[in-house]
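As structure tokens, the structure follows; a few thoughts come after it.
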Amino acid sequence: MKLKLGYFYYDLLNLYGDSGNVRALDFHLREQGIDVTIDRLKLEDKKDIASYDWIYMGCGIERSLILALTDIRKYRNEFSEAIEKGTHILATGNSFELFGKEIRMPNKSYTCLGLLDFSTEYRARTVHDLLLPYGEHQLVGFENHSGVTVDNNETPFLSSEDRNEGVTKNHFTGTYTVGPLLVRNPFLCRELVKELILKKDPSYQMKDADYTVEEEAYRNSLNWMAETKLS
């Protein structure tokens, strides 16, 4: 089986070890016997959106984000089709803002793809570690952003009594949580590996996987954050 991954704007949107998400997914797919191709794409590269089984974008400074916006607008229709057909897309940090309707910065507003029903408003910067409920798990992460999601009519990635975070639609996931997400939360990586493989071939026999290092790091993070009472 072959799977093709697209790492978009790897040179612009990679502030917090975001490339670790791609490397972790690549490693654990190969562990399952999958032939993986990764395209690391820059602004000037032609992008065949429909060819990818998984698309990833990471976090960048505001200038880099707007540069990416000028390019990604060319592919609005292709991304619309990808989201509707359920292509797996992960956008961490501020990159998911590109898929909403508008980014409102203090001195200027930018029209985005408008593929998801929310906007972003830039306010005071938020910087801290995160320990948040995610289904039966606790999600470990880090955030550093000025953007706040407003007018959101999409399903949040995380939803609890005191926090709504990110957006989801079909297999699109956008979250301000960085770190990188798939490395720090091995249950997410396991889930994604399984989904990508079984989407391609529902009869595929999954192999035993070794997440020993990731699980130990995850437990250490949980213990440290519990001790410091992060939430």
Side-chain angles (χ1 to χ4, degrees), residues 3 5 7 10 13-34 36 38 40 54-61 88-96 124-149 155-168 171-198 206-231:
L3 290 175
L5 315 181
Y7 183 5
Y10 74 93
L13 306 180
N14 183 23
L15 276 183
Y16 299 105
D18 294 322
S19 61
N21 287 308
V22 181
R23 294 175 66 184
L25 184 59
D26 177 38
F27 177 85
H28 287 294
L29 285 171
R30 293 181 186 278
E31 188 180 34
Q32 294 292 328
I34 307 303
V36 181
I38 303 174
R40 291 174 170 83
W54 184 70
I55 292 171
Y56 177 67
M57 294 181 199
C59 185
I61 62 173
H88 283 72
I89 301 172
L90 175 61
T92 58
N94 56 0
S95 61
F96 83 89
R125 182 165 294 277
T126 299
V127 185
H128 57 74
D129 290 292
L130 296 170
L131 180 60
L132 301 168
Y134 181 85
E136 299 177 353
H137 301 276
Q138 291 289 308
L139 185 133
V140 173
F142 174 76
E143 65 178 344
N144 182 354
H145 58 96
S146 298
V148 176
T149 303
T155 303
F157 170 61
L158 296 167
S159 182
S160 64
E161 186 175 324
D162 54 7
R163 184 183 178 93
N164 287 316
E165 209 279 341
V167 296
T168 62
H171 287 296
F172 177 96
T173 298
T175 173
Y176 279 121
T177 310
V178 292
L181 194 64
L182 298 182
V183 177
R184 300 191 72 184
N185 298 278
F187 61 90
L188 287 179
C189 194
R190 283 181 184 272
E191 181 181 297
L192 180 57
V193 166
K194 184 176 181 180
E195 286 182 357
L196 288 173
I197 291 174
L198 296 185
M206 300 293 294
K207 301 175 176 62
D208 291 336
D210 183 7
Y211 286 81
T212 304
V213 175
E214 294 98 320
E215 292 287 0
E216 182 177 357
Y218 176 68
R219 287 191 298 270
N220 288 338
S221 293
L222 288 181
N223 291 336
W224 178 78
M225 290 188 177
E227 289 172 359
T228 55
K229 295 182 173 56
L230 288 171
S231 61

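Side chains included, hydrogens not; waters and symmetry mates left out as well; all remaining heavy atoms used. Note that this is a predicted model, so its numbers are computed, not measured.
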Please name the pair of heavy atoms, one in [X] and one in [Y], separated by the smallest distance, quoted to 0.1 Å.
X      : Y      : value
Val36  : Arg30  : O-NH2, 2.7 Å
Pro186 : Tyr211 : CB-CD2, 3.9 Å
Gln32  : Ala209 : NE2-CB, 3.9 Å

Let me confirm one number: the [atom1]-[atom2] distance from [X] to [Y], rounded to the nearest 0.5 Å.
X      : Y      : atom1 : atom2 : result
Ile34  : His28  : CD1   : NE2   : 13.5 Å
Leu90  : Thr168 : CG    : OG1   : 12.0 Å
Phe172 : Thr155 : CZ    : OG1   : 12.5 Å
Thr175 : Asn94  : OG1   : CG    : 11.5 Å
Arg23  : Leu182 : CZ    : CG    : 13.5 Å

Donor-acceptor under 3.5 Å ([X] side chain, [Y] main chain):
X      : Y      : result
Asn223 : Asn220 : no
Glu165 : Tyr176 : yes
Asp18  : Pro180 : no

Practice item. For side-chain contact (heavy atoms from CB on, under 4.5 Å), just list the numbers for Leu15 and Val178, CA-CA rounded to whole Å, side-chain angles, deciding distance to a tenth of an Å, and then say yes or no. Key: CA-CA 9 Å; Leu15 276 183; Val178 292; over 6 Å; no

Report all side-chain donor-acceptor pairs from residues 132-143 shorter than 3.5 Å, counting only partners two or more places apart or in another chain.
| residue | atom | partner | partner atom | Å |
| --- | --- | --- | --- | --- |
| Glu143 | OE1 | His145 | NE2 | 2.8 |
| Glu143 | OE1 | Arg163 | NH2 | 3.0 |
| Glu143 | OE2 | His128 | NE2 | 2.9 |

Check your understanding: Just wondering, more than 12 heavy atoms not from Arg190 lying within 6.0 Å of its CZ?
Key -> yes

Check your understanding: Would you say Glu215 has more than 12 foreign heavy atoms packed within less than 6.0 Å of its CD?
Key -> yes

Point to revise | Option passing side chain to side chain contact (heavy atoms under 4.5 Å, CB included) with Tyr16 (candidates Asn144, Leu181, Thr177) | key: Asn144

**Study point:** Partner of Tyr7 by side chain to side chain contact (heavy atoms under 4.5 Å, CB included), out of Ile55, Asn21, Val22
**Key:** Val22

Review point. With sequence neighbours left out, what residues match Ser95 under side chain to side chain contact (heavy atoms under 4.5 Å, CB included)?
Key: Leu13, Met57, Ala91

Heavy-atom check, side chain of [X] versus side chain of [Y], under 4.5 Å:
X      : Y      : result
Glu214 : Cys189 : no
Phe96  : Thr173 : no
Leu188 : Leu192 : no

Check your understanding: Quick one: are the ring centres of Phe187 and Tyr218 less than 6.0 Å apart?
Key -> yes

